[in-house]
Amino acid sequence: MTRIASLLLAFVLLAAAPLHARSETARTPVTILISIDGFRADYLDRGLTPNLSKLAAGGAHGALRPSFPTKTFPNHYAIVTGERPDTNGIVGNNMIDPRRPNVKFSLGDPKQSLDPFWWDQAEPAWVTADKAGVRTATMFWPGSEVSIHETRPPDWLRYDEHVGYAQRINTILDWMRRPADIRPAFVTLYFEAVDNAGHEFGPDSAEVNAAIADVDARIGDLVAGLAAMDQPARLLVVADHGMHATDESRVIQLADLIDLPSIIAVETGPYAAIEPAAGTDNRVYEALLKPHDHMSCNRREELPARLHYGRNPRVAAIICIAEPGWTILAGAPAYPVKGGAHGYDNQDPQMLALFVANGTGLKGDIGIVDNIEVYPLLMKLIGVAPLPSDATGELAKRLP
Ligand code: AMP
Ligand code: ZN
Ligand code: ZN
């Protein structure tokens, strides 16, 4: 057969193959982990989310119990490592390590937040996947900009809240249009609008509802875009924590209990992380460790065991947790107390976070599950052995 004849034959055979058979052989499923920051579990019942509700109805859904403290960085890292903050090393959005006593990690300070020193106590899913030869790509996720255990995702972007949501979705769809050998099999995606509106206007505001509807529409665009290119996908849609309404009438002033120069308030708000300015100052312990009306304070060694918090040297000497809705302050707040907040006890029902999963074998109501259980499920979906972690693997056993 001449070369032209054999090319012609190949073309005729290809054209004769059913469409779906061709695409099935061409594309392996992608797993996409989507975080909608601050999407409280019950937001799904507001009738504002046609796309997420459809994914939930045809897939699995439930609620994630966040890890304490119910803050963004500790919980995003818990979800991708299976380790609670005490183990994964990201014990707060703000923290101090005794090995670097004069600097503070905070999520708005890239000099610290992008330093591997803070992240290397655990290994996130994209690093383990990369080492196992699974191609990864991150459209934002706390930690994904950092070289952890000397590895970054082959495709990652520096976090920038100004990157619009359509652009985030299009970036992922562009990745999926690549040739198979450089197409990712595990992708992350992050949205901040629901959390931002929750802080500013409170969980029951029209602004939160608008943000919920907008993010839902963008997820609809992602699903449609994947379908248009016959790209099979498993979607895990999660949140890091919920949101509780706060207001200026429910404020606890640490200045009413202790003179502020004698403490270092590493974190304030729904919980406070406090170091005595002079490590041996017993007055600080006496003033704070007694009972209070709307908060409870403990030495880090004496926190309730169910919080799984206090063994990491990065946890401050005294941890005070406000009653849900209350705000602990050390002097004037950086922002007016209004709207909503999170960071409370992880047993507070209003801290519960979204869980929706859709894809082959992902079915049913999972009830309330600790958020560290997402990690073994994620690893199972991407076909990589999970590292030992705090998770039991019970969710991965049930799904898929
Ligand atoms: P929180 O203070 O716990 O409410 O944190 C939520 C904020 O974290 C969001 O408003 C985001 O702007 C911010 N954020 C999310 N991901 C990152 C990131 N990778 N780097 C820096 N900031 C981030
Ligand atoms: Zn958050
Ligand atoms: Zn927040």
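Order of listing sets the numbers, starting from 1, for every ligand and every atom in it.
A donor-acceptor pair under 3.5 Å links the side-chain atoms of N88 to the main chain of I90, judged by distance alone. Put simply, the side chain of Q231 gets close to the backbone of T28: a donor and an acceptor are under 3.5 Å apart. Without hydrogens or angle criteria, Y165 side chain to A193 main chain gives a donor-acceptor distance under 3.5 Å.
In this structure, OG on S296 lies 14.0 Å from OH on Y271, to the nearest 0.5 angstrom. We find the OG1-CD1 distance between T392 and I372 to be 7.0 Å, quoted to the nearest 0.5 Å.
Using a cut-off of 4.0 Å between Lys/Arg side-chain N and Asp/Glu carboxylate O, R398 and E394 are scored as salt-bridged.
Within 4.0 Å of ligand 1, heavy atoms belong to protein residues D37, T72, F73, N93, L107, P142, E145, Y159, Y190, D195, N196, H199, H342.
With M139 as reference, W175 is the one residue of Y190, F191, W175 to meet the side-chain contact (heavy atoms from CB on, under 4.5 Å) rule.
The two residues I182 and R135 make their nearest non-hydrogen contact at O-NE, 3.5 Å.
Under 3.5 Å, the side chains of D240 and T72 contain a donor-acceptor pair of N or O atoms. For N312 and D86, the side-chain atoms include no donor-acceptor pair closer than 3.5 Å.
Listed by chain and residue number, the protein N/O/S atoms under 2.8 Å of the Zn ion (ligand 3) are D195 OD1, D195 OD2, H199 NE2, H342 NE2, with waters left out.
The nearest N/O/S atom of D240 to the Zn ion (ligand 2) is OD2.
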